[in-house]
Amino acid sequence: MSRYTKKDILRLVEEEDVEFIRLQFTDMYGNLKNVAVTTSQLNKVLNNQCMFDGSSIEGFVPVEESDMYLYPDLDTFEIFPWRPQQGKVARFICDVYCSDGKPFEGDPRYILKKVLQEAKEMGYTFQVGPECEFFLFNLDQDGLPSTTTQEKGTYFDIGPVDYGENARREMVLTLEDLGFEIEASHHEVAPAQHEIDFRYEDGLKTADNIVTFKMAVRTIARRHGMHATFMPKPKSGVNGSGMHINMSLLKDGKNIFNDESKPNGLSDEATQFIAGLMKHIPSMAAITNPLVNSYKRLVPGYGAPVYIAWSKTNRSPLIRIPSSRGENTRVELRSPDSAANPYLALAVCLAAGLEGIKQKLTPPASIDKNIFTMTEEEKKELGITNLPGSLGEALQEYEASDFIKKVLGSHMYENYLKVKQEEWIQYRTQVSAWEVNQYLDRY
């Protein structure tokens with residue numbers, strides 16, 4: 001059932017003295033874009049008549065097909081708590097449509113909605129809970145982001161060691177004003193690193209929440225004179241930031257991953273879902289870990305997964321099963337990072353899991369020993385393979401995957417591949433300070 005009707009929106013805008021409305025959508029990278037209108041245009045907005053130039057968004061459409069429309073999802077209506085209380089600012093998250101009235105196939109939100117519909121036709125509701133990590137760094141003298149911090153905080157530290165405690169508290173309160181249910185927040189392992197966890201929701205709501213979360217966190221950080229970055233590995237020598245994705249499937253309101261009669265309390269569907277993720281994770285990596293920098297995080301020694309395996313007990317593999325069972329039984333995928341487009345990341349995760357169920361795939365045995373301490377011979381004997389080690393390797397897996405092309409559709413598949421290959425080429429042709437320091441005086 002919908003949260004709001006058009007009549008509800010018109011009433012709320014008048015009662016709450018809303019003067020500006022932002023029509024938000026995401027590009028293929030997952031970055032929020034928007035068109036802002038005054039409430040004098042509200043009827044036009046509600047009748048799906050707001051147009052924008054799609055050719056100005058990378059990966060959308062050419063100039064010849066530039067007229068595109070924003071269809072607001074009324075259930076995403078929110079008033080920004082950080083904006084003025086007189087003449088308030090609200091937003092809708094929108095779906096992108098073509099001028100012929102059809103959904104735009106390159107809209108990340110549409111891609112996720114298609115996979116969610118497939119799950120619905122199988123009788124499933126996709127439930128997702130992300131764990132979003134980020135860094136809070138100082139701004140430089142020009143007010144620009146830096147990687148500078150005087151903080152030396154570690155896991156679960158408190159103020160005054162945790163310099164970001166006040167900012168994080170305001171972020172939590174602001175997110176609650178936006179309708180989030182915040183389950184926990186804390187300082188993370190690295191200096192200036194933080195985590196805020198919000199309650200699981202259905203797949204589309206969670207993806208919407210992730211982009212809203214990042215917007216709110218960055219906004220509040222600025223109010224405290226800091227920059228919040230979701231870059232996976234902004235500093236060498238410390239842990240990077242991930243976005244672990246906790247997933248379950250409901251059927252008739254029941255968590256079908258739970259089966260107390262099975263070993264470890266996991267149903268056949270749960271292990272099949274795991275098998276699907278493990279099968280496709282190499283080709284999914286370019287989506288779940290989309291940056292050159294993402295692979296600086298996925299290295300041994302910093303808590304991030306490197307090996308394609310699963311476990312019911314330990315945190316060294318790619319996938320683990322948290323100890324909670326019953327209705328809380330879930331599969332945690334540990335490789336994604338917050339630079340990922342959440343709509344695309346959740347789409348490929350769900351599609352991979354559903355394929356595992358449809359094909360009744362069987363995962364290898366659970367690995368309940370710390371993989372980081374295993375020898376190469378032990379890993380080889382257990383059939384443990386590695387995640388892609390670079391964006392270049394990930395793109396090779398992506399390009400060779402019919403599965404990825406089917407999930408994303410040809411428009412997104414081809415445009416995403418093109419820009420990411422260009423990104424990889426640009427990186428490979430750079431000469432870093434490390435190379436100069438390492439080689440200049442030796443050769």
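For F104 and Y110, the ring centers are positioned 6.0 Å apart or more. Y416 has its ring centre no less than 6.0 Å from the ring centre of Y29. For an aromatic pair to be called close, the ring centres must be under 6.0 Å apart, and F25 with F52 satisfies this. Between F198 and F213, the ring center distance clears the sub-6.0 Å criterion. Here Y69 and Y97 keep their ring centres 6.0 angstrom or further from each other.
Using a 4.0 Å cut-off between charged side-chain N and carboxylate O, D157 and K152 make no salt bridge.
Cation-pi geometry between K88 and F20 is not satisfied (NZ or CZ under 6.0 Å from the ring centre, within 45° of the ring normal).
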Can you give the donor-acceptor pairs under 3.5 Å from side chains of residues 218-228 to other protein atoms, not counting sequence neighbours?
from: T219; atom 1: OG1; to: M215; atom 2: O; distance (Å): 2.8
from: R222; atom 1: NH1; to: G143; atom 2: O; distance (Å): 3.2
from: H224; atom 1: NE2; to: E170; atom 2: OE1; distance (Å): 2.6

Pair up each side-chain donor or acceptor in residues 239-247 with any protein partner under 3.5 Å, not counting sequence neighbours, and list the distances.
from: N239; atom 1: ND2; to: Y302; atom 2: O; distance (Å): 2.9
from: S241; atom 1: OG; to: Q193; atom 2: NE2; distance (Å): 3.2
from: H244; atom 1: ND1; to: E332; atom 2: OE2; distance (Å): 2.8
from: N246; atom 1: OD1; to: R330; atom 2: NE; distance (Å): 3.3
from: N246; atom 1: ND2; to: G129; atom 2: O; distance (Å): 3.1
from: N246; atom 1: ND2; to: E131; atom 2: OE2; distance (Å): 2.9

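When the side chain to side chain contact (heavy atoms under 4.5 Å, CB included) test is applied to K262, the partners found at least two apart in sequence or on another chain are D259, D268.
With a 4.5 Å cut-off on side-chain heavy atoms, L318 and L333 count as touching.
Heavy atoms of other residues, nucleotides or ligands lying less than 6.0 angstrom from CD of E422 number more than 12.
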